[in-house]
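Below is one structure, written out as C-alpha cells; comments come after it.
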There are 2 protein chains.
Amino acid sequence: MASKDRKQRLKDDTRRNILDAALRIGKDEGWQALSMRKIADIIEYTPPVIYEYFANKEALMLQLTKLGYCMLAKDMREARDKHTSPEKQLEDMWLTYWNFAFTQKELYQLMFGIEVNCCVWDNSIPEAEVPANMIWEVIGNLMGDAATEDLICKRYYTFWSVVHGLISINLVRQGVPDGMNEQVLKDAIGGIIHAIKG
Amino acid sequence: MASKDRKQRLKDDTRRNILDAALRIGKDEGWQALSMRKIADIIEYTPPVIYEYFANKEALMLQLTKLGYCMLAKDMREARDKHTSPEKQLEDMWLTYWNFAFTQKELYQLMFGIEVNCCVWDNSIPEAEVPANMIWEVIGNLMGDAATEDLICKRYYTFWSVVHGLISINLVRQGVPDGMNEQVLKDAIGGIIHAIKG
DNA sequence: TTAATTTATCTAACAGTGTTAGGCAAATAT
DNA sequence: ATATTTGCCTAACACTGTTAGATAAATTAA
C-alpha cells in the first residue's frame, strides 16, 4: 500500500502549489488580482480542482493568513531568544514585528485586513494567539510582581496599537517623512517600556 | 434659460442619490457587497447612467472618501473650538476622531483601507490634509517655543499611530476586553501630551 | 411648424469573477 | 472481468465592472 503514500504526497504537493501560486499572485499583482482561474493556470489544473483542496477562495486565503502568523511567531521567538532581559526582548520583538510587516507586506495585509477584506474572525485562527501570548509573557516578566492581567493587557494593546497603527499608515499611504518611522517607533516602544518599569 | 438651472439641479440630485445609495449599501451590506447594479436599482436607473456622473466605481468611492474626510474635519473643528487650552483641544480632538471611526465606521474603512481596498493615494485627496493640519497646529500651540517641524511631526504620527492602530484592531477583530479601549486610549493620549509638555 | 441636433436613457454585450453539476476515463478493488 | 472509486475536465450559472450603439424625447435652428 505504498502507492497510497505516494498519492498522498502528490496531493500534499498540489496543495502546497496552490498556496504558493496564490501567494505569488498576491505579491506580484496584489490581492485584488487574485483569482481562482489564475491559480489554476499556474498549477496547470482547471479551477474546480482547487475546490478539492479548499472549500472556497476565503478558506484558501485563511490558510495563507495562518501561514503568516506562523512565520511571524517564528521571527518573534528568535528575536526573544537572542536576549535575556525582558526589556531587550520586548524591544527586539516589536522591531521584528515591524520588519515582518514590510518584508512580508502581503501576508501582513491579509492578516490584518489592510487594503483587502480579510477572513472572518470567528476564533478560527488559533495561530494568531501565539505571537500575542509571547508578548504577554515578556511584558509580565518585565513587570515582575506588579503584573496583573489587566495591566499586562493594557500595555500589550498600547504596544500593538502604536506599532500596528504606524505600519498601517505606511502601507496605505506613502509620504511619511524619511527617518520619521524609526523615530516614532523607537520613541514609542522606549516610552511604553519606561512606563511599565514605573 | 431657467430650464438649464432646473436640469442642473436634477443632475445634482441624481449625483447625490448615487452617493447616498452607495453609502447605504456600504453600511447595510458592507463595501464588499457594493455593486454598480445595486446602486442603479436603488436610484431606479440602469447601470450605465452612473458612468455619466462618475468615471468608474473607484472614482465614486473616492468621492465618499472625501466626504468622510470633510465630516471628520467638521467634527474635529467643533471639538477644538469647544476649548481654549491646546491640551484640552488635543484630547477632545482625538476622542472625536475615535468616535468618528465607530459612528461612521464604513466611511472610516474607506478612508483608511480597512477591510476594503481603498482608493489610490496619489495626492488626489486634499481633503485628507485638513484634519491633519488642524492637529499639527494645536500640537504646535501646545509646544510653544520648543516647536520644530520635526518634533511636531513626530508627535503627530505618534498620536495618529496609536489611535488609528487601536481603531483598526477593533474594526477587524472583535474581542478587545471591555473598558480596555478607553483605558489604552486615554492613557496613550495623556502620555503623549505629557511628553510634549516636557 | 418643420427639420436638425442634442440629450437622456436604455438594451445588449464583453470579459472577467467564484462556484457547482455532471460526465468521462483511468486507476483501483472485488 | 466486473464494479467502484478517483482524478480531472467541460460547461454552465449567476454575478461583477464597463462600453458600444440604438432609440426616443427634448431642445434648438431654419
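The sequence lines fix the lettering, A, B, ..., with proteins before strands; numbering per chain opens at 1.
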For A:K74, side chain to side chain contact (heavy atoms under 4.5 Å, CB included) partners two or more places apart: A:E78

Would A:E87 and A:K197 pass as an ion pair if we require N to O under 4.0 Å? yes

Rounded distance (Å) that lies between atom P of D:dG7 and atom CD of A:Q8: 9 Å

When rounded to whole Å, the CG to C1' distance for the pair A:N117 and C:dG18 reads 13 Å

For DNA chain C, find the residues of residues 17-39 of chain B with a heavy-atom distance under 4.0 Å and give them by number; none if there aren't any. B:R37

Out of D:dC9, C:dC10, C:dA8, which has the shortest distance to the side chain of A:Y45? D:dC9

Rounding to a whole Å, what distance do you find between A:K11:NZ and D:dG7:C1'? 9 Å

Pair A:R155 + A:D150, salt bridge at N-O below 4.0 Å: no

Let's see if you get this right: which residues in residues 48-55 of chain B place a heavy atom under 4.0 Å from DNA chain C? B:P48, B:V49, B:E52

Pair B:H164, B:Y157: side-chain N/O donor-acceptor within cut-off below 3.5 Å: no

Between B:E91 and B:K186, is the closest basic N to carboxylate O distance under 4.0 Å? no

What is the separation between atom NZ on B:K57 and atom C1' on D:dC15, rounded to the nearest whole Å? 12 Å

To the nearest angstrom, how far is A:K7 atom NZ from D:dT6 atom C1'? 6 Å

Could you check if a side-chain atom of A:V162 sits within less than 4.5 angstrom of a side-chain atom of A:I192, using non-hydrogen atoms only? yes

Of the listed C:dA8, C:dC10, D:dT6, the closest approach to the B:T46 side chain comes from C:dC10

Parallel, tilted or perpendicular: rings of A:F159 and A:W94 (30°, 60°): parallel

Donor-acceptor pair between B:D12 and B:Q8 side chains, under 3.5 angstrom: yes

Please give, in whole Å, the distance from D:dT16 C1' to B:N56 CG? 14 Å

So, taking the atom named CG in B:L90 and the one named CD1 in B:I196, what distance separates them when rounded to the nearest 0.5 Å? 6.0 Å

